Amino acid sequence: MTDFNAADFRQCFPALSQGQCYLDSAATALKPQAVIDATVNFYSQDGATVHRSQHHAAQTLTQEYEQARALAAEWINAPRPADIIWTRGTTESINLVAQSYLRPKLQAGDEIIVSQAEHHANLIPWLMLANQCHAHVITLPADKLGLPDINALPALLNARTRLLAVTQMSNVTGAMPDLARAIELAHANGTPVLVDGAQGVVHSPPDVRQLDVDFYAFSGHKLYGPTGIGVLYGKSELLDSMDPWHGGGKMLTRASMSDFTPQAVPHRFEAGTPNIAGVIGMAAALKWLKTVDLPSAERYAQNLASLAEEQLSQLNGFRSFRTQNASLLAFDIAGVHHSDLVTLLAEQGIALRAGQHCAQPLMAALGISGTLRASFAPYNNEQDVTRLTAAVKYALSLLAD
Ligand code: PMP
């Protein structure tokens, strides 16, 4: 690992070569050259399938595919590579747990606790499941800062609670709840915990063993990897006890016209030809990340968000929803609709997102209809902050006319 140097880091991202002002990394991160190269090499030279064909390229690629699993396990300190299931992303990982782990156990009247700060990816699968099984989703409220209120948890846990679903980091406010405490409380009630790590894995990669989390889900594309690839980590004993969700090729050891025997974990959960290019790109991202001083890079991005917050707070009506020094800065300006402002910013070449950020219950808790969100990554710089502030000022001047 080398010391973090912002200019060198930025150089790794060809998408920024024309000086783009990209402040939408919480939606998806730009890709470093190492990931682009690995993907191009796969399609131009190594193209083959995995776990099927006997020819040389297919065998080599199968090894790479499995080595990538080991890298992902290492990234979050999972005990064994087999505890890593490749999925399409956080969304699919959570649906897998809902359908494969919880559905067979869920009885009518059972309860699933879901925080009000969740992205829809960690809410809708539980609502769907609750509907399917006549169970109930119980709200763990978000506090004034948009933080899941862990203090409210003891009163919600009971003999019917079958799972707690909570985020590691809000994609709106950047708030990070005290997960260790939430997990301890849930476990004391015999309740397993699923953590949505889509944002958290980027800013604060967890040690899943130390955290003692039961399931942890994340996406490759926010972690500088390709889209369409993600991870579900699960404790070995839980994964081993789960039936497959998707059926198809290579997830079984024997099939007849009347039944089949599923493969061992993880292959039991990876039916069909997988996203091989995604896994290869993900491995490249994880190898590249090992060369980065992540804590320094994160501090640098947080400082940029602080600077932006400081500059924008000079503007009348500015309100920040940022918590805990996050590198995400959600904000609004009194009297200005976020969708008008984001359009005027887009016209000035500023890439950020506005709206409800797939978190409508959190918007309701905060009493707002939406926000703008500037999300900073270590490839941003102070010029991006200056451009954002200038563009917001100019947009406001247009709207005031
Ligand atoms: N959870 C959070 C906190 C997120 O920010 C996102 C992506 N916006 C997701 C879940 C869903 O991730 P994906 O769309 O990659 O499945």
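Counting begins at 1 with the first residue of the sequence. Fair warning: this is a prediction, and the values are worked out from it, not measured in the lab. Each ligand, and each atom within it, is numbered from 1 in the order the structure gives.
- The only member of Thr173, Leu312, Leu329 that meets side chain to side chain contact (heavy atoms under 4.5 Å, CB included) when paired with Ser320 is Leu329.
- Here Asp196 has side-chain heavy atoms under 4.0 Å from ligand 1, and that is the only part of it that gets that close.
- Close approach of ligand 1 to Ala121 is summarised as follows: ligand atoms under 4.0 Å from at least one heavy atom of the residue are 10 (C), 11 (C).
- Between Asp243 and Arg268 there is no salt bridge, since no side-chain N of the basic residue sits under 4.0 Å from a carboxylate O of the acidic one.
- Residue, atom and distance of the protein heavy atom nearest to atom 14 (O) of ligand 1 are Thr91 OG1, 3.7 Å.
- We find that Asp24 and Arg353 are not joined by a salt bridge, their nearest charged nitrogen and carboxylate oxygen being 4.0 Å or further apart.
- At a heavy-atom cutoff of 4.0 Å, ligand 1 is contacted by the side chain of His221 but not by its backbone.
- Applying side chain to side chain contact (heavy atoms under 4.5 Å, CB included) to Leu23 and the options Leu372, Leu345, Asp384 leaves one that passes, Asp384.
- By the 6.0 Å and 45° rule, Lys105 stacks over the aromatic ring of Tyr101.
- Within the 4.0 Å heavy-atom criterion, the part of Lys222 lying near ligand 1 is the side chain and not the backbone.
- A salt bridge links Glu309 with Arg322; the closest basic N to acidic carboxylate O contact falls under 4.0 Å.
- Proximity to Ala198 (heavy-atom distance under 4.0 Å) selects the following atoms of ligand 1: 1 (N), 2 (C), 4 (C), 6 (C), 9 (C), 10 (C).
- Atom numbering of ligand 1 starts at 1 in the shown order; those under 4.0 Å from a heavy atom of Gln199 are 3 (C), 4 (C), 5 (O).
- Counting protein heavy atoms only, atom 4 (C) of ligand 1 is closest to His119 CD2, 3.4 Å.
- Considering backbone and side-chain N/O of Glu92, none are found under 3.5 Å from N/O of ligand 1.
- With salt bridges taken as basic N to acidic carboxylate O contacts below 4.0 Å, none links Asp110 and Arg103.
- The nearest non-hydrogen atom to atom 12 (O) of ligand 1, considering only Gly228, Ala117, Ser219, comes from Ser219.
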